[in-house]
Amino acid sequence: MRIVLLGAPGAGKGTQAQFIMEKFGIPQISTGDMLRAAIKAGTPLGLQAKEVMDQGQLVSDDLIIGLVKERISQDDCAKGFLLDGFPRTIPQADAMKDAGVVVDYVLEFAVPDEEIVKRMSGRRVHPGSGRTYHLTYNPPKVEGKDDVTGDDLTIRVDDEESTVRKRLGIYHEQTAPLIDYYKQAAAVSNTEHHKVDGTQSVEAINQQLATILS
Ligand code: AP5
Ligand code: ZN
């Protein structure tokens with residue numbers, strides 16, 4: 001099963017990825033998490049990506065395409081995978097198509113921009129795993145601590161309001177065209193495109209996705 005999660009920053013891709021990955025036993029490939037791990041480790045990739053990401057801009061297509069191709073060639077991706085935050089531009093989607101990657105499901109999360117700005121201010125993350133919480137909508141069991149490891153939760157640098165608004169602008173300009181791209185693909189192939197109302201509760205979306213994917 002090969003799944004693409006499509007949606008604005010803060011639409012809930014990472015939150016639902018956690019659920020899908022556990023339920024269906026396929027790895028989550030979050031390009032954002034991979035880049036943040038590279039920054040933390042101080043690799044050349046991380047050094048290149050840091051400033052661009054902190055400013056809410058997109059990392060170059062070449063860099064990202066190389067990263068994803070390398071990741072999906074690994075053994076644990078043989079049975080399928082879940083792409084979270086990729087593709088994010090038409091050239092990235094074309095690169096997957098050219099590499100012969102057939103997408104089974106495109107799940108589009110729709111959330112209005114103002115709701116997203118509200119959500120981001122309450123987001124807390126576990127940097128080691130990418131697990132995501134919200135102070136009000138999806139709180140951890142113990143305040144400020146990750147449910148699994150007990151590590152401290154952190155705030156993402158790019159969650160500052162002005163950066164979130166910039167990321168939303170880039171989403172509408174460069175990523176939203178992928179909705180029509182995949183709708184067209186769905187019309188001529190076995191790819192299924194599903195639009196999900198991302199303003200529902202986390203649990204309601206979990207259930208809807210379980211039905212779509214079963
Ligand atoms: P990335 O990490 O992919 O960020 P993003 O796409 O901007 O998405 P987010 O992680 O911000 O949001 P999400 O949809 O995962 O929402 P979440 O579940 O956390 O990318 C970061 C940066 O890396 C980019 O800006 C770019 O620089 C670079 N990059 C990454 N991929 C790239 C690519 N392919 N090409 C080029 N550059 C790339 O939820 C958000 C909050 O809402 C949380 O607090 C959560 O608890 C809460 N929440 C979730 N669901 C609900 C719900 N149903 N109701 C209420 N609250 C909810
Ligand atoms: Zn995410």
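Order of appearance sets the numbers: ligands from 1, and atoms from 1 within every ligand. Remember, it's a predicted structure, so these values are computed and weren't measured experimentally. Note that these values count all heavy atoms, side chains included, but never hydrogens, waters or copies made by symmetry.
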Minimum heavy-atom separation for [X] and [Y], please, with both atom names.
{"X": "T132", "Y": "G130", "result": "OG1-O, 3.0 Å"}
{"X": "R71", "Y": "C77", "result": "NH1-SG, 3.4 Å"}
{"X": "S129", "Y": "H126", "result": "OG-ND1, 2.7 Å"}

Can an N or O of [X] be found at a distance shorter than 3.5 Å from an N or O of ligand 1?
{"X": "P87", "result": "no"}
{"X": "A11", "result": "yes"}
{"X": "G85", "result": "yes"}
{"X": "Y133", "result": "yes"}
{"X": "D158", "result": "no"}
{"X": "R167", "result": "yes"}
{"X": "G14", "result": "yes"}
{"X": "R124", "result": "no"}
{"X": "G7", "result": "no"}
{"X": "R123", "result": "yes"}

Check your understanding: Distance only, no hydrogens: is a donor on one side chain within 3.5 Å (strictly under) of an acceptor on the other, for E108 and H194?
Key -> no

Point to revise | Distance-only side-chain donor-acceptor flag, S60 / D62, under 3.5 Å | key: no

Heavy-atom pairs closer than 4.0 Å: do any link ligand 1 to the side chain of [X], the backbone, both, or neither?
{"X": "L5", "answer": "neither"}
{"X": "V59", "answer": "both"}
{"X": "R156", "answer": "side chain"}
{"X": "Y171", "answer": "neither"}
{"X": "Q92", "answer": "side chain"}

Exercise for review: Give a yes/no on ligand 1: does R36 have at least one heavy atom closer than 4.0 angstrom to it?
Suggested key: yes

Review point. Touching ligand 1 at all, A8? Heavy atoms, strictly under 4.0 Å?
Key: yes

Study note, to complete from the structure: Of L35, T175, L63, the residue with the heavy atom nearest atom 28 (C) of ligand 1 is L35

Practice item. Taking side-chain hydrogen bond (donor to acceptor under 3.5 Å, both in side chains) as the test, write out the residues that go with Y171, two or more places apart. Key: none

Exercise for review: May I ask you to decide if V202's main-chain N or O and Q16's side chain share a donor-acceptor pair within less than 3.5 Å?
Suggested key: yes

Point to revise | Side chain T211, main chain Q207, donor-acceptor under 3.5 Å | key: yes

So if I count the atoms of ligand 1 from 1 in the order they appear, which ones are less than 4.0 Å from some heavy atom of [X]?
{"X": "Y137", "result": "55 (C), 56 (N)"}
{"X": "M120", "result": "11 (O)"}
{"X": "I205", "result": "53 (N)"}

Point to revise | With R131, the salt bridge (charged side-chain N to carboxylate O under 4.0 Å, His left out) member among D33, D151, D146 | key: D146

Review point. In a check of salt bridge (charged side-chain N to carboxylate O under 4.0 Å, His left out) between D159 and each of K166, K118, R123, which one passes?
Key: R123

**Study point:** Residue of the set T31, V68, L35, L45 for which side-chain contact (heavy atoms from CB on, under 4.5 Å) holds with L63
**Key:** L45

Review point. Less than 4.0 Å between a side-chain N and a carboxylate O, is that true for R165 and E160?
Key: no

